[in-house]
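A short write-up of the structure that comes next.
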Amino acid sequence: MAKTEIIKLNMLGLPVIQSIDDFSVVTHISKYTIFQLSHHSDKYYKTYEIPKKSGGKRTICQPSKKLKGLQSWILVNILNKIQVSPSCKGFRKGSSTLDNAMPHIGANTILNLDLKDFFPTVTPKQVYNVFKTIGYNKLIATVFTNICTYKKMLPQGSPCSPMLANLTAWTLDLRIQGYVGKRGISYTRYADDLSFSGLNPSKVVKIIPMIKTIIDDENFIVNHKKTRIASSARAKIVTGLIVNEDSVGVGRQKYKDLRAKIHHLTFPTEQTNEKLLYHVGGWLSYLNSVDKERLKKAKKYISELTKKHPTTLIARLDR
């Protein structure tokens with residue numbers, strides 16, 4: 001490994017790994033196991049399908065316990081220490097859909113684009129370039145790439161895939177930001193969801209052809225079925241949140257639906273169930289991260305109902 005590569009790794013606070021011996025020492029995994037997981041990684045996955053909300057099925061590639069452990073080590077000790085682009089808001093520790101929606105507050109028009117097959121689109125070459133660029137030599141970059149990819153793609157199920165997808169999209173983000181920023185348009189990306197907003201509707205619409213050209217040029221694919229433009233006549237939604245003139249939240253309808261579910265918990269136990277209780281609890285946690293105003297209203301409503309129905313499941317939420 002060249003001296004400049006070692007300096008680069010040290011500057012980034014990354015472990016200096018120049019050989020399989022080094023990798024074995026820092027991970028406490030034998031060289032034989034590392035060799036097997038690297039050269040025969042495809043054998044260490046179990047695949048199955050789950051339905052997509054939009055229809056169709058998504059293939060999940062679940063790594064074995066050993067392989068996932070090594071992938072997790074790479075994630076924690078290397079990938080999580082690398083800075084993603086400023087436009088990237090998803091798959092980041094401490095970041096939520098709220099962070100993705102806030103830059104679009106006050107916009108007159110919002111454009112949403114979706115990248116098709118975000119993880120599978122990323123190639124081993126792109127993953128290799130990530131590890132090579134940050135300072136690892138050809139051997140170690142290849143080993144890391146083998147460990148993190150499955151059948152020539154990023155597997156949906158590996159702990160490394162979200163961050164690697166973000167890092168391979170770095171140039172995509174910078175090119176898009178460079179183009180739209182000059183035109184007074186805000187841009188954020190949450191995983192495969194790209195959001196653009198501006199005060200001038202015609203300016204937002206005009207960027208679409210060039211944005212699609214940049215996406216194609218960066219080897220990603222636009223999901224044309226999910227392209228959405230919202231102006232004053234339609235609700236402005238960014239990653240599931242309603243964006244208003246001066247605020248962001250889940251919106252009145254979703255909150256109204258949640259109130260109905262909360263009220264249902266006041267019914268006699270035989271008419272409700274634990275599943276609904278956990279569902280409502282999950283929604284309260286979600287509100288805590290994206291809409292604290294409505295969380296306060298929900299908690300007040302729960303307290304009022306608990307006083308009236310202290311022996312029902314609602315009381316377990318008022319703690």
Side-chain angles (χ1 to χ4, degrees), residues 14 23 34 36-54 56-85 87-93 95 100 113-134 136 138 140-176 189-194 214-223 226 239:
L14 303 176
F23 195 24
I34 290 174
Q36 290 296 318
L37 294 177
S38 172
H39 287 262
H40 307 289
S41 60
D42 287 0
K43 296 180 180 179
Y44 291 87
Y45 282 91
K46 181 171 67 176
T47 62
Y48 56 92
E49 293 182 330
I50 60 172
K52 291 182 179 180
K53 289 182 179 179
S54 57
K57 293 184 178 180
R58 175 179 285 109
T59 300
I60 302 298
C61 308
Q62 183 180 332
S64 69
K65 188 175 180 180
K66 279 186 179 181
L67 181 57
K68 188 174 183 179
L70 198 51
Q71 290 170 343
S72 296
W73 187 94
I74 292 173
L75 174 67
V76 172
N77 294 280
I78 298 175
L79 298 177
N80 279 349
K81 294 182 179 181
I82 306 172
Q83 191 67 37
V84 295
S85 77
S87 303
C88 174
K89 307 298 179 181
F91 301 140
R92 295 174 62 183
K93 189 174 182 181
S95 182
N100 189 56
L113 294 176
D114 182 82
L115 299 180
K116 186 178 180 181
D117 299 327
F118 188 39
F119 286 4
T121 302
V122 177
T123 65
K125 182 179 179 181
Q126 289 174 296
V127 174
Y128 172 85
N129 286 337
V130 168
F131 290 116
K132 195 72 175 64
T133 300
I134 60 179
Y136 289 103
K138 292 181 180 179
I140 298 304
T142 300
V143 170
F144 287 168
T145 300
N146 291 344
I147 289 169
C148 295
T149 57
Y150 171 67
K151 291 189 175 180
K152 308 296 183 182
M153 65 180 184
L154 277 184
Q156 186 116 16
S158 163
C160 291
S161 292
M163 269 302 290
L164 282 170
N166 274 343
L167 292 169
T168 56
W170 178 289
T171 308
L172 171 74
D173 290 338
L174 292 188
R175 288 183 65 186
I176 290 177
R189 179 178 59 80
Y190 194 94
D192 53 2
D193 290 322
L194 282 61
I214 293 173
I215 291 172
D216 289 340
D217 193 46
E218 290 297 324
N219 298 313
F220 290 100
I221 304 167
V222 176
N223 187 343
K226 292 189 177 181
T239 46

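- Using a 4.5 Å heavy-atom cutoff, the side chains of Val130 and Phe144 are not in contact.
- Scanning all heavy atoms of the two residues, the minimum distance from Phe119 to Ala165 falls at CE1-CB, 3.7 Å.
- Residues Thr133 and Trp170 fail the side-chain proximity criterion, which asks for heavy atoms closer than 4.5 Å.
- Annotation: the span from Phe118 atom CZ to Asp192 atom CG amounts to 6.5 Å, rounded to 0.5 Å.
- Once rounded to the nearest 0.5 Å, the distance linking OG1 of Thr171 with CD of Gln126 reads 9.5 Å.
- Side-chain contact check for Thr149 versus Tyr128: every heavy-atom pair is 4.5 Å or farther apart.
- In this structure, the side chain of Gln156 does not engage the main chain of Thr59 through any donor-acceptor pair within 3.5 Å.
- In this structure Lys68 satisfies the salt bridge (Lys or Arg N to Asp or Glu O under 4.0 Å) test with no other residue, sequence neighbours excluded.
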Inset, instruction - Dump the intermediate steps for side-chain contact (heavy atoms from CB on, under 4.5 Å) on Tyr136 and Thr145, then the final yes or no. - result: CA-CA 11 Å; Tyr136 289 103; Thr145 300; over 6 Å; no
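- Here the straight-line distance linking atom CD1 of Ile50 with atom CD1 of Ile60 works out to 4.0 Å at 0.5 Å rounding.
- At least one donor-acceptor pair under 3.5 Å links the side chain of Ser161 to the backbone N or O of Pro155.
- Side-chain contact between Leu172 and Leu115: present, with at least one pair of heavy atoms (C-beta onward) separated by less than 4.5 Å.
- Taking CD1 of Ile221 as the start and CG of Asp114 as the end, the distance is 11.5 Å to the nearest 0.5 Å.
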Legend entry - Trace of the side-chain contact (heavy atoms from CB on, under 4.5 Å) decision for Val127 with Leu154: CA-CA 9 Å; Val127 174; Leu154 277 184; 3.9 Å; yes
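- Note that the CD1 atom of Ile82 and the CG atom of Leu167 stand 5.5 Å from one another [nearest 0.5 Å].
- Side-chain atoms of Asn146 do not come within 3.5 Å of backbone N or O of His39 as any donor-acceptor pair.
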Inset, instruction - Before giving the answer on side-chain contact (heavy atoms from CB on, under 4.5 Å), spell out for Phe131 and Leu164 the whole-Å C-alpha distance, their side-chain angles and the decisive distance to 0.1 Å. - result: CA-CA 10 Å; Phe131 290 116; Leu164 282 170; 4.1 Å; yes
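- For the residue pair Ser87 and Asp173, no side-chain donor N or O sits within less than 3.5 Å of a side-chain acceptor on the partner.
- Using a 4.5 Å heavy-atom cutoff, the side chains of Ile134 and Ile78 are in contact.
- Every residue two or more places apart in sequence or in another chain that forms a side-chain contact (heavy atoms from CB on, under 4.5 Å) with Met153 is listed here: Cys61, Pro120, Tyr150.
- Considering only heavy atoms from C-beta on, Trp73 stays 4.5 Å or farther from Val76 through its side chain.
- Between Pro63 and Gln71, the shortest heavy-atom contact is CG-OE1, 3.4 Å.
- Between Asp193 and Thr239, the side chains place no donor N or O within less than 3.5 Å of an acceptor N or O (distance only, hydrogens not considered).
- When the options Cys148, Pro162, Cys160, Ser158 are evaluated for a side chain to side chain contact (heavy atoms under 4.5 Å, CB included) with Leu75, the one that passes is Cys160.
- Judged by distance alone, the side chain of Asn219 and the main-chain N or O of Thr121 form no donor-acceptor pair under 3.5 Å.
- If you take CZ on Phe220 and CG on Leu194, they are separated by 9.5 Å, rounding to the nearest 0.5 Å.
- Heavy-atom minimum distance, Lys81 versus Leu14: CB-CD2, 3.7 Å.
- Using a 4.5 Å cut-off on side-chain heavy atoms (C-beta onward), Tyr48 and Gln62 make contact.
- The residue from Arg189, Met163, Gln83 that alone fulfils the side chain to side chain contact (heavy atoms under 4.5 Å, CB included) condition with Cys88 is Arg189.
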